[in-house]
Each structure stands twice: as structure tokens, then as C-alpha cells.
Amino acid sequence: MLEKRYDHKQVENGKYDFWLKNQYFSTHDLNKPPFSIVIPPPNVTGKLHLGHGSDTIPADIIIRYKKMKGFDTMWLPGMDHAGIATQAKVAERLRKEGIDYHSLGREGFLKKAWEWKDEYANTIHQQWKALGLSLDYTKERFTLDEKLNKCVNKVFVTLYNKGLIYQGERIINWDPELKTALSNVEVVHKNDKGKFWYFKYPIVDSDDSLIVATTRPETMFGDTAVFVNPKDKRYKKYIGKYCINPANDEKLPIMGDEYVDISFGTGAMKCTPAHDPNDFNLANKYNLEKIIVMDESAHMNEKAGKYKGLDRYVCREQLVEDIKKKGLFVKIEDIEHEVGHSERSDAVVEPYLSKQWFVKMKPLADAVIKLQKSKKKINFFPPRFSKTMLQWMENIDDWCISRQLWWGHRIPVYYKNDGTILVSEEAPKDMSNYHQDEDVLDTWFSSALWPFSTLNWPNTNNEDYKRYFPTSLMVTGYDLIFFWVSRMVFQSLEFTKEPPFKQILIHGLIRDNKGRKMSKTLGNGIDPFEVIERYGVDALRYFLTTNSSPGLDMRYDEGKVEASANYLNKIWNSARYVLDILGDNFIPQEIPFSQLPMMEKYIISRLNLTIKNVTKNMEKYELGAASSHLYNFVYDDFCSFYLEASKLTNQSNETKQTLYKVLKSIVLMIHPYTPFITEEIYQNLPDHLKSIMLEFYPEYNAKTVNKVSVESANLLNKMIKDVRNYKVANKLAPNTEMNLTIISKDKSLLTFADYLKRFAFAKTVNFVKENPEQKGAIYTYPNATLVVNANIDESEVKKKLLIELEKMNKEISRSEGLLNNPSFINKAPKNKIVEEKEKYQKYLLTKKAIEDKLKN
RNA sequence: GGGUGUUUAGCUCAGCUGGGAGAGCAUCUGUUUGACGUACAGAAGGUCGUGGGUUCGAUCCCCUCAGCACCCACCA
């Protein structure tokens, strides 16, 4: 028996271990068609937050659904080493312990990092368990595993040999705090308040000067030219002359190039090739020297003369003061501009000339563009995100993949003492003449391989790879489209000739209840495990997947989690009632639909229509829409109406069988959303299997839908509501007994009497075929009239009837307008025309009933 | 500078390829049934952002404008 109260803790306790013990997540029936998902590997940087639920919970729901639909599902778990992020965290912890991580050396630090990884992997495992995720742990991977390292090396070497990886000296994004290069996507542009300084650059052998504006005066030590637009009438005459850099008094050539925007700033631009990507391009074009003026921590170097050793911003201030003293300062302007910050450290990124490894993106991106424009394209849900990815691909720069870190896949490049290099999957046997490149690869380099590296690639001749790759579906957030999704796609196309997944479901972000991003600095993050503690994981899962439409952000709303828990409580209690009615000796059996009474036909019909709608939406991964069909069925059709009505007939086998069937179907349908409570209820059903996880999803059966019964039941429901309304309107107690008369030629309405007595407190129910005089409130329906017999003012009754008549006339003329409109008849879809004709008939019948009453 | 999304009840949001707008919470009345007070019964609450267009018919499609949010981009 079920406990009296739905207690989520009691319900959830032990279930996950039970599933694990029975290997429901890891048993694969090879006779079934496969359905596979790989998890977006969470970073081992810390605990899971609410956002992780928006990947994993929808994925779990889909996996459980597909399993019940007869697929061999395989959901592969794993975690990401998260190079920069983890290294920063480990270094931070060491710092708190008073240890400078450099002092440990590479090996010593890595040992600490692995300890950290084990600790957080353990936490994450606990959390996956708490979320109820049906992950196949036998296939778990970690991005820094040896196996995956082999994949990474193979990919690197192959791309290198194809000329798609190269080493180059270019301007990259430098994080001066973490002292590493970053890729473009790891730079977050923020609108910062800055200043625009205007300085005079005196022209050599002249009294004139050029005024040049800059936002970063400290880089002036790296200036090698001043550019103007050759079309600029103001400055044309200076091209070929020299001016003096006010920072260091060096002579700078004044050069012309169309790149310069005449209308921006003063129209004269300083060129700092080693600290600005555009200037770098100009320098290449004109063969200018590239002078680096800072060290790796963004402190000024010897090129800055007396400012050497100063932080870039300190130098900036002092330099401006010194230029002022020279009389070369013109003015200062406040501006707002986009400034790049490191995604991880938030430090202002320094464009920095540096030797790094790059992936040549154009050919790889082109393959993705070609794929998405073909019939074999990956289906995005919602589709617009494909466009997001493509636009990025169309404007892509080469990818800087080397990082000056220790925690990561080390670059498989070996430098020989003689200056030659060896790019190889394996280290040379005799390392004495070699040293390996010190850098590691961008974390996303290995993440990009995840869908196939986890399935034993490059060994493609094995069951898992052949069966589960390409994976069926990816579920991830739109914030990862550039970082991860697009990179998985091009690497997969390049190395497996297949897309990494056939479909991808993109979700939005979870925000706080004010719509703000959850962040540590704001302290507005929600700990999912506190929510689980209070409301249960089923309620959290239900909340997270049913309150928004795909691709849109949602707000965390505790009230809705509570509402979810209430819904589950509703299902729980309906189950308690049904089980109580069924008793201990109940044996489930199929009763032919045609033999069922009207009410049973009605609820079975509605159940089938619900199965149809839910399934349709589940197939589209419209989890919110699917659940709302089920929700409405559970509340309105089942609990509020059928279950109550069943109290009159629940000793009959037909009713018992029906209650059982409907309850079981509901529990099965909602199981993917709320696995714990459904397992608990399921195991209390008669004739149950060992676990609900062995069950199949209810199937829609068009033969067990009967429209007449549905209409009949709806009419009864309407009558009950009308009587209740009558009492409220007349300030009568709800349980006031009334005499009712039903005027109808339809004999089947005789069965309404008992229900009306019970649920509308009818004292008597009289049936008459024609309309004899009846005093009281009158409610008209297409083929019946209900009279609540009472002594009421006749004129009031008449007034109400006239209002109803007018309403009906309006509907009739609307309907006639449509039906007499040839273009409607010609153009509208057939079913709409049929629908409208049916409505029209109903209106006419109702109108006639009203008119008959008015005659009396 | 490009691009995307969004604007529906007091609040948070649904609304399926166009056919008389729904839920949860909040509010107001009232407790009555063989499970549920985490409940039940009822009520109130919406010119579906603005202006146009297409259509027999528009919350939905097209255009305009406005507000809000986000993404991309090297403007010194």
C-alpha cells in the first residue's frame, strides 16, 4: 500500500541503487534499434548547478521515453578536465594553503590536479544519482583519459600532416593573469567605460603636428608608424614625412593606407603591430617592425624605458602625465567601448604577438556549411540555431589551440636539438635529443572529439562505435554552440566523415526569479540539491522541463516547483484511491471497448487522445507541450470527473479495470519526467513487473475512441456545473437539494440521474420527452434542456433566455456567414468546414430549444 | 555595424503548419462527495506592444515603428 502522504524522501530513497543493481541503464538489447546520447561532460571544477539540469534532465527524459518506446538506449556519461578553469581552481586552493603552484613543478602540480579531479568526480557522481539520470556508467569517459589522449594525438598529427594545423607568430588574445593564450571565443567582450587620449605627434622639420587618439597610451612604445588615409585631404601632404612619438621621442614614418577611417577619431592612427591585430596586418603589408612592450603578466618591458616593470595601467597614468608635461597632450574624452575580458579570469585581455599553434579553419568550416545546406544536415531543435552556427562558420578565424598551462593534453610536438621538429602520436623512443612542446591544447580541442572519442575511435571496428555512432541526439545550451557544438561537427566530419549526432536539442539558460543570470558575484545561484531536499527531485525535474518552450531562457520560480510537487501529490493520491478500490484480489483483464459503459468509454477515449498528443510532442522533444496535455487529462478528465464519477460504479469490474488501465497509463506516460514517484506507484500496481523501467509506453489506439460517449460525458459534466453555478448565483448552499427536469428525446440521458443526485445534489430528476411547462432556471444544450425547478420570477427567466437567444443568433449568423461564403467553402480545409457545419447544427438545435421554452 | 529572440490575465509563462485565447501563482466567495486542505467547488481578471498589409477570417503570416533581452564584430 502507498503511504498516506506523498513523501518525496521516502519515495526516492533507494530507487536509484535498485536501478543500478539491476543494470537497467547498462543492459543493451542488440535486437532493438539503437538510440544514443553522450552527455555534455561537466567540468570537474566544482559541483553541478541548476544549469546542468537543463542538459541532463531533458536528455534523461528522452532516453527513458525512447527506452519505453522499444529502443536500445545508451546514454554515455563523462566529465571534462576543463584545462584553464581547473588549473585556476587548483592553483587557488594551493595558494590558500600557502603554496605557490609553480614551486611544485609540472609533475607535482599535475598530481594535485588529479587529486582534485577525483574529489569532484565523486561529487558529480553523487549528483547525477540524485538527479536520477539513467546513465550507462560502464561506458564512462574522462577527457584526459589515456585513451582519449591517443585520439587527441592522432587528430593533431593528422591535421598537422594535412597542413590544417600550423605554428605561427600572430596576435593572439593573452590573459595576463593566467598567463596563457586564449581563443577568440574565450574572450568576453564587455562594454567598458574607457578614455580616448589625444596627443600631438610633432612633424619632423615642420611646425605642424598630427593629433592622434588612442585608448591605450602604454602601447605607444610599440608604435612603428602613423597611418592616415591617402584620400584624406587634411593629411595627404604628410605621407612620406616623419613625426615624433610623444612617448619615447622616436621618429615614426607617416604612411598612407585606405584602411584608416577618415571620420573616426582624428583620422590619424598610430600603428602598434605587436599589440593590435589590425596594426599587425598593416605591419605585414608594409614590412614594419613588431615591437612587444610588455611581458607575459602585462608589465612593461625594457622597450618602455623608465616605465619598465610597471603594470600596464600604472604605466598608462604616468605616461599621460609625462606627455602633459611635454605639452603634447591635447585632450581626453570619455568613451564606452567593447573591451575583451578573459572568460575565466576576467582579466582584460592583451592582444599580444606570440608564437602559438593554430587550426586552419576555412576548409573545416566549409565542410560544415556544405553539410547544413544538404539533405543530410543535422536537425536543430529549434531550427534557427543551425543558422547561428553557420553564421559563425562563415566568418571564422583560425583557432588558437595552444595554452600555456600544465593541466591538459600536451602538444605532441618534439623539438630536436638540431632544430628540426617531430610531430608524432608517440614520443620518440630516445628522448635524450628531444624536448616536448611545453604547452597543452585548448580544452575544447578534446571536447570536440567527445562523441566519437568516447566510442573507441579511432578503432571503428567495434560494436559500440558501429552501433551508437553517429549518436542520435545531443542536448545542450545555446551558449555552447560556438565553443563546442560547431567544433564537434567539423572534427567529426573531418575524422569520421559523419556528423557527430543526427539531431540536437538546444535549450536556454536558467535565470533567477528576476530574470538575471545566475552568478557567483551576485550570489543569486540556486542549489538544485536544496530544491531536491525540499520538494523532491521529481518535482525539480518536472519544473525544469515543463515551464518554457525550447531554446528560450526560463526563470527559476519556487512557486512552480511547489506546483509541480502538488501535481505529483495529486497523482499519488489518485493512485491511492484506485488501489484502494481495486483491493487485493484484483486481476487485470482487457474488456472489449464496445462492452464498456458510457463513462468508461469516455475516459478511455480521452486517454487515447491524450496518448496521441503526448506521443506526438515527445517525438518532437516538445517536453512542455507533451506534459501539458497529460496534465490537463490528469486533472480535468481523470481526477475531477471520471474518478469522482467512478465512485458510483466502482464495484463493477468494468470500472475497476478502467481505473486500473487509466492510472497505469498515466504513470507510464509521466515516468520519464518523474521516475521515482512513478516507480513507487508502479510497484504497488497489481501484476507489475520488477520495475517500471521494463515497461512499454502506452500506444494510441484509434479504435478505442468514441465520440458519442465523450460528448455525452461532457454534457453530464456541463449539467453538474450549471446546477452548481445556479446555486452560487442564487446564494444557496452547495449541498442544497434541488428538483431537476431533463427535457430530451435521448434515452441514454436517463443514466445521468444518479450522477446528478450525487454531484449536483439533485433531490429528484424527472425526464420528459417534450417541453411541458416547467418552472425554474433553464439551461439549454443542443439536444437537451435542463430545468432547475424552483420558484423564480418568470420575467427573470425570460430575460435570461432572451440573452441566450441573442447570443445564439449571433453565433448562427457568424456561422452562416462562413458557410455561405464560397471562398471559405472552396479554400478552407475540409475538417474545418465539417467542424463548422457541426457547430452550426448545434447552434440551431440550441436555438430551437430556447425558442420552445420562450413559447411557454 | 550586423544578427537573433521577445512583447499574451496583477506576476511567471503556454498557445501545435491562421478557424472565437489557456495554465500555475496571486486575488475574491464558499467547504460537499469512498484519494488528495499539497485539496475541493465557484468567481473575477486579456482592445494578444504600435500602425499598416495579405486573407472569407490574424495572437499566429508579411511590412513599419517602439520597448526589452541576448549573440557576433578589430574600428584605432
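All values derive from a computational prediction rather than experimental measurement. Any value given below was found using the heavy atoms of this structure, including those in side chains, with hydrogens, waters and symmetry copies removed.
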Any N or O donor-acceptor pair under 3.5 Å from the base of [N] to the side chain of [X]?
| X | N | value |
| --- | --- | --- |
| Lys517(A) | A69(B) | no |
| Tyr259(A) | C74(B) | yes |
| Gln391(A) | A73(B) | no |
| Lys560(A) | U12(B) | yes |

Would you say [X] has more than 12 foreign heavy atoms packed within less than 6.0 Å of its [atom1]?
| X | atom1 | value |
| --- | --- | --- |
| Asn820(A) | CG | yes |
| Lys647(A) | NZ | yes |
| Lys290(A) | NZ | yes |

*If you check every side-chain atom of Arg576(A), which of G19(B), A76(B), A35(B) has the closest atom?*
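Selected nucleotide: A35(B).
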_As a test of reading the structure: which of A76(B), G19(B), G5(B) is closest to the side chain of Asp261(A), going by heavy atoms?_
A76(B)
*asked:* Any non-hydrogen side-chain atom of Arg216(A) less than 4.5 Å from a side-chain atom of Glu350(A)?
replied: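 Yes, their side chains come closer than 4.5 Å.
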Under 4.0 Å, counting only non-hydrogen atoms across every strand here, what does [X] touch: a base, just sugar-phosphate, or nothing?
| X | answer |
| --- | --- |
| Glu338(A) | base |
| Asn281(A) | nothing |
| Val578(A) | nothing |
| Phe759(A) | base |
| Glu562(A) | nothing |

*asked:* Please report whether the ring centroid of Tyr542(A) lies less than 6.0 Å from that of Tyr567(A).
replied: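 They qualify: ring centres under 6.0 Å apart.
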_Would you say the rings of Phe196(A) and Tyr198(A) are close, in the sense that their centroids are separated by under 6.0 Å?_
yes
Can you find a side chain N or O atom of [X] that sits less than 4.0 Å from OP1 or OP2 on [N]?
| X | N | answer |
| --- | --- | --- |
| Thr736(A) | U32(B) | no |
| Lys4(A) | A35(B) | no |
| Asn566(A) | A39(B) | yes |
| Arg555(A) | U12(B) | yes |
| Lys727(A) | G42(B) | no |

Sticking with atom [atom1], work out how far [N] lies from [M], rounded to a whole angstrom.
| N | M | atom1 | answer |
| --- | --- | --- | --- |
| C56(B) | A66(B) | P | 32 Å |
| U55(B) | A14(B) | C1' | 27 Å |
| C68(B) | A26(B) | C1' | 24 Å |

Rounded to the nearest Å, what distance is computed from the [atom1] atom of residue [X] to the [atom2] atom of nucleotide [N]?
| X | N | atom1 | atom2 | value |
| --- | --- | --- | --- | --- |
| Tyr478(A) | U6(B) | OH | P | 12 Å |
| Leu552(A) | U4(B) | CG | C1' | 11 Å |
| Lys570(A) | C40(B) | NZ | P | 3 Å |

_If we ignore hydrogens and angles and just use 3.5 Å, is the side chain of Lys727(A) paired with the main-chain N or O of Ala760(A) as donor and acceptor?_
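Pair found, side chain donor or acceptor close to backbone of Ala760(A).
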*Which pairs count as side-chain hydrogen bond (donor to acceptor under 3.5 Å, both in side chains) when at least one residue sits in residues 380-389 of chain A, sequence neighbours excluded?*
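Matches after skipping sequence neighbours: Gln372(A)-Ser386(A).
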_Please give the stem ranges for RNA chain B, sorted by first residue number, where a stem is three or more consecutive Watson-Crick or G-U pairs and both donor-acceptor distances are under 3.5 Å._
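Ordered by first number, the stems with RNA chain B (at least 3 consecutive pairs each) read B:1-7 with B:66-72, B:10-13 with B:22-25, B:27-31 with B:39-43, B:51-53 with B:61-63.
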